[in-house]
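Single-structure report; data block below.
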Amino acid sequence: MQLNELETINNIENEAWQVLENSILYYKGRPIGTLAAYDPSVEALNYDQCFVRDFVSSALIFLIKGRTEIVKNFLEETLKLQPKERALDAYKPGRGLIPASFKVVSINGEEHLEADFGEHAIARVTPVDSCLWWLILLRAYVIATNDYSLAYQPEFQTGIRLIMEICLANRFDMYPTLLVPDGACMIDRRMGIYGHPLEIQVLFFAALRVARELLICQGNQDIVEAINNRLPLLCGHIRKHYWIDISRLNAIYRFKSEEYGKAAVNLFNIYVDSLPYYELDKWLPKKGGYLAGNVGPSQLDTRFFSLGNLMAIISDLSTESQSEAIMNLIEERWEDLVGDMPMKICFPALENEEYRVVTGCDPKNIPWSYHNAGSWPVLMWMLAAAAVKTKKPQLAEKAFEIAKARIYEDEWPEYYDGKKGRLIGKQARKYQTWTIAGYLLAKELMDHPEFLPLVSFDKLPPETISRACEFEVGSLDPYMSL
Ligand code: GLC
């Protein structure tokens, strides 16, 4: 490497660290999180708050650098914000939820934390992912510090239990997946992801695994048993019903419909004409595949969602061969999914009438912008983690080089627009914290794969594997094996 090239890298990293430092939020003199963005040129709205999902990227990089205190403070303070009693008022957050975001307010000279569970958020969206990310982060903290005692404290045990109770509650439907409203995760606007969106299911899977690892069995046998029941069913359901590759597409293409009863093959009564099968036939590489965006009654959302697919690899939800096929797809469809900025939040965009009907004419989500197939640099760390895990580090390096060439000069935008991600997002904040943390974290994971276990999971322990996980799509799918 040339000396001046090294200097440029150092400059970028130094600035990234500087901005990350500046984003730290203090409460009663202690660091407890990071602001979503600090861009004085745009109205702050709620970007001056600490978002739980955003903080995960900052927290992981802090953990890697041994700055564990801020993460501990965050976990303790957000836990205090979790409602512990049943809500008597339907407009109040339910017991067990973790807020989307919080900020420090001063009342009569004393600092308080004010949480937003979605009751202030644009469109009043429900942050289902917060409690799931919170658990994932708690495990990362425990692994980084080897300090299990934090998770074993009674307050934390109660917190984990309450999250599990709300996730595993009695409900109307009989799928092992979680039924949620639209915009319940990173995509926090109407985007046709209500029902059983992949992102939530993958985070749910990881969260169940964390709870299984960290809950002390004594006194929690009922929850542990419920987790043991749910895990293999959820895992089998996603591996089977969300999977799309060319063999599976062939099977779906010839599906019969209106099947009633036990012998049904087309369980969800998917009507083939609802799928863009000619496009998919062109798009799917021979050895590639991915997990669909959503599965429900007569619904198979064939859009590719990056966070769900990458986290499925990281959490070991996808089988080894599925993970390989997902990475193959990313490699083969690089121009579509990475292009000029890693990486697309989803692909392809909703366009024309579909855009109008599905997003409700949202001007922020016009085709190839923001959540509607915009490019989000924060996803780079998940791409790096998945690449390291599947032994394809060269993909992460290639993506990183692409980002490095622009992201610093562009002042760390929240997202990019356009089919290839060449335009800085129309309404993107600059100096977006998770863009910066995602960049630093991707680099750390590439240079030091030994940090991967902070977020990555191994195969499910044998006692939780059941036949339900060992499904076969049959002779149709050569890539499928456990
Ligand atoms: C946007 C994103 C959301 C993120 C928030 C703060 O609303 O969609 O995922 O948490 O900004 O950065």
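Because only heavy atoms are used, hydrogens play no part in the values below, and waters and symmetry mates are left out as well, while side chains stay in. Ligands are counted one by one from 1 in listed order, and the atoms in each one are counted from 1 as well. Source: prediction; values computed, not measured.
Residue Q432 has at least one heavy-atom neighbour below 4.0 Å for each of these atoms of ligand 1: 12 (O). Annotation for ligand 1: atoms under 4.0 Å from non-hydrogen atoms of A36 are 6 (C), 12 (O). Interface atoms of ligand 1 facing E414, defined by a heavy-atom separation under 4.0 Å, are 1 (C), 11 (O).
Of the heavy atoms in R189, none comes closer than 4.0 Å to ligand 1. If you look at Y370 next to ligand 1, the close heavy atoms, those under 4.0 Å, all belong to the side chain.
For the residues V125, T433, D188, the heavy atom positioned nearest atom 7 (O) of ligand 1 is part of D188. Of the listed residues (V378, D54, I345), the one carrying the non-hydrogen atom nearest atom 10 (O) of ligand 1 is D54.
By the side-chain contact (heavy atoms from CB on, under 4.5 Å) test, E213 is found to be paired with R139, F457, residues two or more places apart in sequence or in another chain being considered.
Not a single heavy atom of R429 sits under 4.0 Å from any atom of ligand 1.
Side-chain atoms of T390 never come within 3.5 Å of backbone atoms of S323 as a donor-acceptor pair (strictly under, hydrogens ignored).
Ion pair R67/E21 flagged as a salt bridge, since at least one NZ, NE, NH1 or NH2 atom sits closer than 4.0 Å to an Asp/Glu carboxylate oxygen. By the 4.0 Å N-to-carboxylate-O rule, R189 lies close enough to D362 to be salt-bridged with it. Using a 4.0 Å cut-off between a side-chain N of Lys or Arg and a carboxylate O of Asp or Glu, E409 and R406 do not qualify as a salt bridge. Salt-bridge check for D316 with K389: passed, with a basic side-chain N closer than 4.0 Å to an acidic carboxylate O.
Note: an N/O pair closer than 3.5 Å links M186 and ligand 1 by distance alone. For ligand 1, none of its N or O atoms has an N or O atom of W434 under 3.5 Å away.
Screening K72, K103, K28, R30 for a salt bridge (charged side-chain N to carboxylate O under 4.0 Å, His left out) involving E77 leaves a single residue, R30. Partner of F74 under the ring pair (Phe, Tyr, Trp, His ring centres under 6.0 Å) criterion, chosen from F55, Y26, W133: F55.
Residue, atom and distance of the protein heavy atom nearest to atom 11 (O) of ligand 1 are Y47 OH, 3.5 Å. The protein heavy-atom contact nearest to atom 5 (C) of ligand 1 is F51 CE2, 4.0 Å. For atom 8 (O) of ligand 1, the nearest non-hydrogen atom of the protein is H371 NE2, 2.7 Å.
By the 30° and 60° cut-offs, the orientation of the rings of W376 relative to W434 is perpendicular.
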